[in-house]
There are 2 protein chains.
Amino acid sequence: MTARRPTIDDVARLSGVARTTVSRVLNDGPNVRDEVRARVMEAVKALDYKVNPQARSLAGGGSRLLGLVFASDLESEPNSFYHSALELGALRGCLELGYQLVTRHIPLQSADREQQVYDLIATQRCEGLIFTPPYSDDAALIAEVLRRGCRVVSISPGGAGRDLADGVGMDDEAGGYDIARRLIELGHRRFAFMGGIEGHLSADRRLDGLIRALSEAGLGASDLIKVRGDFTFRSGVELTPRLLDDPLHPTALVCANDDMAAGALSVVHGRGVKVPQDLSVTGFDDTPVSAIVWPPLTTVHQPLKDMGRRAVALLASRLTGGRAEAEPEFNCLDHAVVERGTAASAP
Amino acid sequence: MTARRPTIDDVARLSGVARTTVSRVLNDGPNVRDEVRARVMEAVKALDYKVNPQARSLAGGGSRLLGLVFASDLESEPNSFYHSALELGALRGCLELGYQLVTRHIPLQSADREQQVYDLIATQRCEGLIFTPPYSDDAALIAEVLRRGCRVVSISPGGAGRDLADGVGMDDEAGGYDIARRLIELGHRRFAFMGGIEGHLSADRRLDGLIRALSEAGLGASDLIKVRGDFTFRSGVELTPRLLDDPLHPTALVCANDDMAAGALSVVHGRGVKVPQDLSVTGFDDTPVSAIVWPPLTTVHQPLKDMGRRAVALLASRLTGGRAEAEPEFNCLDHAVVERGTAASAP
DNA sequence: ACGTGAATTGGAAGCGCTTCCAACAAAGGC
DNA sequence: GCCTTTGTTGGAAGCGCTTCCAATTCACGT
């Protein structure tokens with residue numbers, strides 16, 4: 001039983017067409033009769049045929065190289081799970097689809113950051129780039145990259161970038177709404193929100209969702225206090241006292257990511273406030289952080305690995321699939337509230 | 001400037017040999033005169049030639065599929081950084097070297113866990129397997145996999161597995177020694193150690209290192225208390241009170257991984273003990289956890305991503321390189337004590 | 001000097017796929 | 001009814017590499 005994997009020729013033989021035609025079907029090429037297309041697909045299914053990405057990329061020409069661009073400074077956070085998860089997903093996608101990946105961390109404060117991006121295209125010959133926030137919100141940058149003939153996918157784009165290129169993300173507004181809704185069900189009426197840096201559009205949308213849920217429950221601006229952090233644990237630590245001491249006395253603290261929620265938790269413990277009895281705290285993203293704080297964090301799951309993989313798939317479909325010139329599309333992935341131990345009935 | 005990447009034929013032409021010979025040199029094949037080998041290498045360098053992994057794998061035959069085997073139950077810890085980091089490294093390696101990777105989580109308690117491993121070979125046709133602990137300590141399993149013609153690399157192997165197959169890891173004993181040494185320098189004389197599960201060899205070696213450092217400093221068994229956890233945050237939380245209440249009154253708590261240290265930290269805070277003024281706490285691994293606890297954790301960096309990549313490289317060298325039948329070798333990667341905020345002078 | 005086997009080198013096929021180009025059929029336009 | 005256009009299909013080359021096999025060289029033993 002030398003179960004050799006079926007090749008494109010096996011499919012061609014079984015469906016009675018030429019190899020060329022099978023290739024066309026597989027790549028959503030034009031000029032194939034529906035009847036033939038169906039017959040080929042049937043053979044593909046019958047044989048459980050999978051294209052060999054190595055062979056495809058060898059034959060296909062081009063560099064088959066994609067770039068993943070982060071804004072962070074690798075030195076300062078070499079181990080961020082956000083980055084790892086996205087890269088992990090992107091790598092899996094590349095392996096499946098026969099692409100190579102280069103990951104580049106280009107700090108926002110680099111004077112020549114745009115140039116570094118263009119070098120990825122000119123020198124490294126990337127055929128597609130994946131931008132993470134806040135690069136994914138930089139319409140001018142995206143437009144210029146596209147102008148140079150390089151494809152783009154934006155991760156969690158917030159603004160204008162969304163109309164220029166394909167995007168992948170979750171519905172941040174709905175995520176904010178869902179977690180708020182849950183807290184309202186638990187009887188909470190006084191809220192605090194710890195947001196992200198100015199201009200981080202996707203984090204701002206989580207706040208929009210929170211506000212919508214509040215207003216549906218008959219609550220308004222006077223029932224919510226807001227602060228801005230920078231997504232780090234540290235900023236969570238620094239901002240929490242201000243929230244706790246506010247005359248509003250919130251019973252629920254909604255954070256725009258898990259790291260800040262973890263920071264808040266550590267301050268709260270220090271003050272003897274009981275979580276979740278006295279105060280509910282929620283995170284966002286569902287990174288491993290949520291499992292290693294005490295109590296484990298109730299949060300919103302963001303499918304980072306899937307996002308990375310989808311981003312590669314979108315790039316691939318632009319590059320070889322039938323979507324070469326299609327309208328930009330946004331892939332919205334499912335999120336889910338993950339109930340752990342930091343959200344309970346209002347005191 | 002159509003800077004096409006150089007191919008093997010360019011190298012062959014420049015060095016005045018046949019393509020076949022270049023291929024031999026590149027793959028550490030036998031039967032090439034040293035003089036020719038040098039000439040080819042020179043051309044490689046001059047052209048900055050890199051083999052095209054896609055082409056190589058197409059031509060090379062075989063499935064070019066590697067498997068990464070974890071013992072964990074994916075359901076229970078879908079987001080562990082330990083797993084992500086190892087997979088990330090392995091994935092990078094595969095992309096560079098033209099291999100495919102399947103990642104499989106096979107819980108230790110599965111009745112048919114061995115069978116699941118063998119299926120990876122028989123059904124999926126993996127040519128090489130990477131075992132993580134504690135599979136990497138299972139000599140019988142490794143021997144059987146090898147017998148079936150599949151290559152093996154062990155991650156952090158502790159015992160007999162080390163002699164059967166190639167291994168990748170760090171010097172755990174030295175890691176334990178280094179962190180203990182640092183604490184001793186800081187004046188600590190009474191220690192607590194929070195270890196891992198019974199039989200996890202690599203974690204036990206960290207304790208060995210600690211003990212060696214103590215004895216060099218003239219300290220002995222009466223200056224150290226030990227407990228065993230299971231590497232989870234939770235177990236850190238549960239075990240810490242016992243350590244704090246011990247009559248020895250340790251001033252330094254050395255943990256066998258970061259998660260348990262994080263658990264310890266949260267208990268310590270709750271009791272009003274100041275870290276690091278009253279108590280020093282150290283972790284192990286340098287996962288992102290170490291940056292999101294307060295104060296940030298002093299720990300030992302374990303190069304997990306590099307380990308994943310090295311594992312793939314070792315497998316590759318067995319599969320196509322000249323090391324087909326070489327003696328098993330252990331790749332020991334560098335570790336480093338990372339000083340953050342949880343270790344200070346003894347009170 | 002000649003044969004022999006081992007070491008070294010080159011030629012050529014072919015891995016599984018895409019794509020250029022030619023072939024052919026169907027559909028209109030005059 | 002013939003020529004062009006458009007749509008659909010197949011033939012064949014070739015991507016960059018490994019590897020089988022044949023050719024050549026080399027070092028000895030006789």
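Computed from a prediction, not measured in an experiment: that's the story for all the values here.
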Could you pull out all donor-acceptor pairs under 3.5 Å where a side-chain atom in residues 93-100 of chain A meets a protein atom, sequence neighbours excluded?
from, atom 1, to, atom 2, distance (Å)
Glu96(A), OE2, Arg309(A), NE, 3.3
Glu96(A), OE2, Arg309(A), NH2, 2.2

Legend entry - Protein-nucleotide distance (Arg56(A), atom CZ; dT19(C), atom C1'), rounded to Å: 13 Å
Inset, instruction - Go ahead and write out DNA chain C as dot-bracket, 5' to 3': ( ) for pairs within the strand, [ ] for ones crossing earlier pairs, | when the partner sits on another strand, dots for unpaired; Watson-Crick or G-U wobble, both distances under 3.5 Å. - result: ||||||||||||||||||||||||||||||
Inset, instruction - For Asn52(B), report the nucleic acid contact type (base, sugar-phosphate, nothing); a contact means any heavy atom under 4.0 Å. - result: sugar-phosphate
Inset, instruction - Can you sort out the partners of Asp10(A) under side-chain hydrogen bond (donor to acceptor under 3.5 Å, both in side chains), two or more places apart, ordered by chain and number? - result: Arg13(A)
Inset, instruction - Output the distance between atom CG (Leu304(B)) and atom CD (Glu87(B)), rounded to the nearest 0.5 Å. - result: 13.0 Å
Legend entry - Under-4.0 Å side-chain N/O to phosphate OP1/OP2 contact, Ser23(B) with dT18(D): yes
Legend entry - Short side-chain to backbone donor-acceptor contact, Ser156(B) and Thr132(B), under 3.5 Å: no
Inset, instruction - Round to the nearest Å and state the distance from Lys50(B) atom NZ to dC15(D) atom C1'. - result: 20 Å
Inset, instruction - Would you please name every residue forming a salt bridge (charged side-chain N to carboxylate O under 4.0 Å, His left out) with Asp166(A), sequence neighbours left out? - result: Arg318(A), Arg323(A)
Inset, instruction - Applying side-chain hydrogen bond (donor to acceptor under 3.5 Å, both in side chains), name anything that partners Gln54(A), two or more places apart in sequence or on another chain. - result: Ser57(B)
Inset, instruction - Can you figure out which of dT9(C), dG16(D), dG14(D) approaches the side chain of Ala59(A) most closely? - result: dG14(D)
Inset, instruction - Output yes when at least one side-chain N/O atom of Asn31(A) is less than 4.0 Å from OP1 or OP2 of dG7(D), else no. - result: no
Legend entry - Phe330(B) six-ring face occupied by Arg162(B) cation (under 6.0 Å, within 45°): yes
Inset, instruction - Mind checking the CG-CG spacing from Leu315(A) to Leu129(A)? Nearest 0.5 Å is all I need. - result: 8.0 Å
Legend entry - Ring-face cation of Arg104(B) near Phe70(B) (centre distance under 6.0 Å, axis angle within 45°): no
Legend entry - Gap between atoms CG and P, on Leu26(B) and dT18(D) respectively (whole Å): 6 Å
Legend entry - Non-neighbouring partners of Phe131(B) that pass ring pair (Phe, Tyr, Trp, His ring centres under 6.0 Å), sequence neighbours left out: none
Legend entry - Strand-adjacent residues in residues 6-18 of chain B, judged by heavy atoms under 4.0 Å from DNA chain D: Thr7(B), Ile8(B)
Legend entry - Set of residues satisfying salt bridge (charged side-chain N to carboxylate O under 4.0 Å, His left out) with respect to Glu327(B), sequence neighbours excluded: none
Legend entry - Interface with DNA chain D, restricted to residues 33-41 of chain A and to heavy atoms under 4.0 Å: Arg33(A), Val36(A)
Legend entry - Asp48(A): side-chain hydrogen bond (donor to acceptor under 3.5 Å, both in side chains) partners, not counting sequence neighbours: Lys50(A)
Inset, instruction - Using atom CG of Leu58(A) as one end and atom C1' of dG14(D) as the other, report the distance to the nearest whole Å. - result: 10 Å
Protein N or O to nucleotides 20-26 of chain D N or O, pairs below 3.5 Å:
none

Legend entry - For Ser136(A) against Ser154(A), the heavy-atom pair lying closest together: CB-CB, 3.7 Å
Inset, instruction - To the nearest Å, give me how far apart OH (Tyr49(B)) and P (dG16(D)) are. - result: 10 Å
Legend entry - salt bridge (charged side-chain N to carboxylate O under 4.0 Å, His left out) partners for Arg37(A), two or more places apart: none
